[in-house]
Undergrad: 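Structure below; questions to follow.
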Amino acid sequence: MNYIEPHIHMVCRTTDEYKQLAQTGCVAVGEPAFWAGYDRCSVEGFRDYFEQLTVSEPARAAKYGLKHYTWICINPKEAQNLEFAREVMQLIPEYLQRPNVLGIGEIGLNRNTKNELRIFEEHLDIAIQYHQLILIHTPHLEDKLKGTKLILDALRNRPEISPDRVLVDHCEEHTLPLVKEAGYWAGLTLYPTSKLSPKRAADMLEVYGTDRIWANSAADWGESNPLSLTLLGCELRSRGISAEVVEKLLLQNPAHFMSQSPHFIGI
């Protein structure tokens, strides 16, 4: 099957894993800016990271016929220092014009603090000003429900933002209905320690369908699997879900959402 891996952190993965993605049918990857496993201490460190996302990783991906797209932001885990976060955010506009940049992301909340929420809202303002797609990170585990509600409240306060242009990622059983009912796109993340297994994701898809949903691995430097979407595809097919429905979820849906950016050049 062909598929898009729309949320994966390839800066943490090997070149061999680009090859494995291509060999299993992946045609494109999306790589949001995120926390690198440590707090960066300078604005120039972020500039180097944004250069890696917009220059180095597209070149690595292209060697295996993969299109590489990215999203630019400062991750909520590094948003506690407001002054520093705002200095980093001043870099964002110059990178939004890079040819593989789809929008602002992954922004959102980590521990649901006031400073995280303030920086999240200021990212929304940048997205409005530059008419960018938005990719949102919801918190892990016990912070997820409260954080998702805070995020949805903040979005409702921005009527300029079309729900069609927002994807709220890392949804689980108790948050997916909230995101769907509010009209936003939802992401299901396959991650072995803090998110969904293929079986849990398949259970959710059987209940809620595949409309306005994408699936991703969010594979990074932690325990994660960049080929998780192939496991989900196999799980769905083993349940009698048609190949057409699986392709809609894993290929057509992410392509539809990402194609709202003029930088997405198709599949």
Side-chain angles (χ1 to χ4, degrees), residues 1-10 13 17-32 57-58 60-71 99-103 105-106 133-136 164-171 176 179-180 184-191 195-219 224-267:
M1 68 178 183
N2 288 341
Y3 66 98
I4 292 173
E5 173 47 271
H7 182 159
I8 188 169
H9 300 290
M10 293 305 295
R13 313 306 304 198
E17 286 168 317
Y18 270 120
K19 184 177 181 180
Q20 291 165 3
L21 284 163
Q23 289 174 336
T24 57
C26 186
V27 296
V29 299
E31 180 162 6
E57 292 306 315
R60 275 214 301 163
K63 292 179 180 179
Y64 300 98
L66 287 167
K67 297 171 183 173
H68 180 282
Y69 298 100
T70 193
W71 307 72
N100 71 323
V101 174
L102 298 180
E106 57 180 304
L133 296 178
I134 300 169
L135 177 58
I136 296 176
D164 288 338
R165 296 176 59 81
V166 178
L167 190 139
V168 181
D169 215 342
H170 313 323
C171 291
L176 178 62
V179 173
K180 293 269 287 181
Y184 301 103
W185 280 72
L188 303 183
T189 302
L190 309 175
Y191 200 95
K195 300 182 181 73
L196 301 174
S197 67
K199 291 184 181 297
R200 279 180 65 193
D203 289 344
M204 294 168 66
L205 291 163
E206 287 188 328
V207 173
Y208 295 103
T210 58
D211 288 343
R212 299 169 74 84
I213 293 177
W214 83 19
N216 64 81
S217 71
S224 51
N225 181 1
L227 303 181
S228 290
L229 293 187
T230 65
L231 302 180
L232 177 59
C234 290
E235 177 67 26
L236 292 170
R237 293 292 284 129
S238 74
R239 298 184 183 204
I241 306 300
S242 71
E244 290 76 17
V245 170
V246 174
E247 182 180 273
K248 178 178 185 292
L249 172 71
L250 299 183
L251 181 68
Q252 296 171 11
N253 280 5
H256 180 79
F257 181 79
M258 296 160 79
S259 68
Q260 295 178 90
S261 167
H263 292 167
F264 185 77
I265 58 176
I267 52 177

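Atoms considered below: every heavy atom in the structure, side chains included; atoms not considered: hydrogens, waters and symmetry mates. Because the structure is a prediction, the values reported are computed rather than measured.
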Undergrad: Considering non-hydrogen atoms only, spot the tightest contact between P254 and P6 and give its length.
TA: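 Minimum heavy-atom separation between P254 and P6: CB-CB, 4.1 Å.
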Undergrad: What's the separation between atom CG in N100 and atom CZ in F264, rounded to the nearest 0.5 Å?
TA: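 So the CG of N100 and the CZ of F264 are separated by 12.5 Å.
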Undergrad: Could you check whether E57 and Y18, counting side-chain N and O atoms only, form a donor-acceptor pair closer than 3.5 Å?
TA: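 Per modelled atom types, Y18 and E57 side chains form a pair under 3.5 Å.
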Undergrad: How about N216 and L188: do any of their side-chain heavy atoms sit closer than 4.5 Å?
TA: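 N216 vs L188: side chains apart.
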Undergrad: Minimum heavy-atom separation for P226 and S224, please, with both atom names.
TA: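 Looking at all heavy atoms of both residues, the shortest contact is CD-O, 4.0 Å.
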Undergrad: Please answer whether the main-chain N or O of L190 pairs with a side-chain N or O of S217 as donor and acceptor at a distance below 3.5 Å.
TA: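 Judged by distance alone, no pair lies under 3.5 Å.
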Undergrad: Run I213 and K180 through side-chain contact (heavy atoms from CB on, under 4.5 Å) and show every step you take.
TA: CA-CA 9 Å; I213 293 177; K180 293 269 287 181; 4.2 Å; yes
Undergrad: For A61 and H68, work out which heavy atoms get closest and say how close.
TA: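 Distance-wise, the nearest heavy atoms are CB-CB, 3.8 Å.
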Undergrad: For a side-chain contact (heavy atoms from CB on, under 4.5 Å) check, start with the C-alpha distance between I136 and W185, then their side-chain angles and the critical distance, and finish with the verdict.
TA: CA-CA 10 Å; I136 296 176; W185 280 72; over 6 Å; no
Undergrad: Among all residues two or more places apart in sequence or in another chain, which pass the side chain to side chain donor-acceptor pair (under 3.5 Å) test with E206?
TA: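 E206: side chain to side chain donor-acceptor pair (under 3.5 Å) contacts with R239.
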Undergrad: Between the main-chain N or O of F257 and the side-chain N or O of Q260, is there a donor-acceptor pair closer than 3.5 Å?
TA: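 Answer holds: yes.
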Undergrad: With no hydrogens and no angle check, is any side-chain donor or acceptor of N253 less than 3.5 Å from a backbone partner on T210?
TA: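 Indeed, once roles are kept as given, a pair shorter than 3.5 Å links the two residues.
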Undergrad: To the nearest 0.5 Å, what is the distance between CD on E31 and CD on E106?
TA: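 That separation rounds to 10.5 Å.
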Undergrad: Kindly give the heavy-atom pair with the smallest separation between L102 and L133, and that separation in Å.
TA: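 Smallest heavy-atom distance, with atoms named: O-CB, 3.6 Å.
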Undergrad: Return yes if some donor-acceptor pair links the side-chain N/O of E5 with the main-chain N/O of H7 below 3.5 Å, else return no.
TA: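 Judged by distance alone, yes, a pair lies under 3.5 Å.
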Undergrad: I'd like to know if the side chain of K67 reaches the main chain of G266, judged simply by a donor and an acceptor atom lying under 3.5 Å from each other, with no hydrogens or angles considered.
TA: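 It does hold such a pair.
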Undergrad: Taking the side chain as every heavy atom from C-beta outward, state whether L66 and R60 have any pair of such atoms under 4.5 Å apart.
TA: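 L66 does not reach R60 side chain to side chain.
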Undergrad: May I ask you to test the Y3-L249 pair for a side-chain heavy-atom distance under 4.5 Å?
TA: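 Counting from C-beta outward, Y3 and L249 never come under 4.5 Å.
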Undergrad: Take L229 and T24, measure what side-chain contact (heavy atoms from CB on, under 4.5 Å) needs, and give me the verdict at the end.
TA: CA-CA 10 Å; L229 293 187; T24 57; over 6 Å; no
Undergrad: If I take atom OG1 from residue T70 and atom NE2 from residue H9, how far apart are they, to the nearest 0.5 angstrom?
TA: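 That separation rounds to 9.5 Å.
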Undergrad: Of all heavy-atom pairs between L196 and C171, which one has the smallest distance, and what is that distance?
TA: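 Scanning both residues, the minimum pair turns out to be CD1-O, 3.6 Å.
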Undergrad: Starting from the C-alpha separation in whole Å, work towards a yes-or-no answer on side-chain contact (heavy atoms from CB on, under 4.5 Å) for E247 and M1.
TA: CA-CA 7 Å; E247 182 180 273; M1 68 178 183; over 6 Å; no
Undergrad: Enter the distance from M10:CE to E17:CD here, rounded to the nearest 0.5 Å.
TA: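 If I round to the nearest 0.5 Å, the distance is 6.0 Å.
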Undergrad: Enter the distance from Y208:OH to L176:CG here, rounded to the nearest 0.5 Å.
TA: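 Going from OH on Y208 over to CG on L176, the span is 6.0 Å.
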Undergrad: Which atom names give the shortest non-hydrogen contact between A218 and H170, and what distance separates them?
TA: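 For A218 and H170, the tightest heavy-atom pair comes out as CB-CE1, 4.2 Å.
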Undergrad: Just jot down the side chain to side chain donor-acceptor pair (under 3.5 Å) partners of T230, sequence neighbours excluded, or say none.
TA: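 Scan of T230 (side chain to side chain donor-acceptor pair (under 3.5 Å), adjacent residues dropped) gives none.
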Undergrad: Quick one about S228 and Y191 (side-chain donor to acceptor, distance below 3.5 Å, no hydrogens or angles considered), yes or no?
TA: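 No.
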Undergrad: Using the side-chain contact (heavy atoms from CB on, under 4.5 Å) rule, pick out the option among L231, I241, V245 that qualifies with L236.
TA: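 Option passing the side-chain contact (heavy atoms from CB on, under 4.5 Å) with L236: I241.
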Undergrad: I need the C26 SG to L251 CG distance, nearest 0.5 Å.
TA: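 The distance works out to 9.5 Å.
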Undergrad: Any donor and acceptor pair, going by atom type alone, linking the side chain of S238 with main-chain N or O of E235 inside 3.5 Å?
TA: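 Pair found, side chain donor or acceptor close to backbone of E235.
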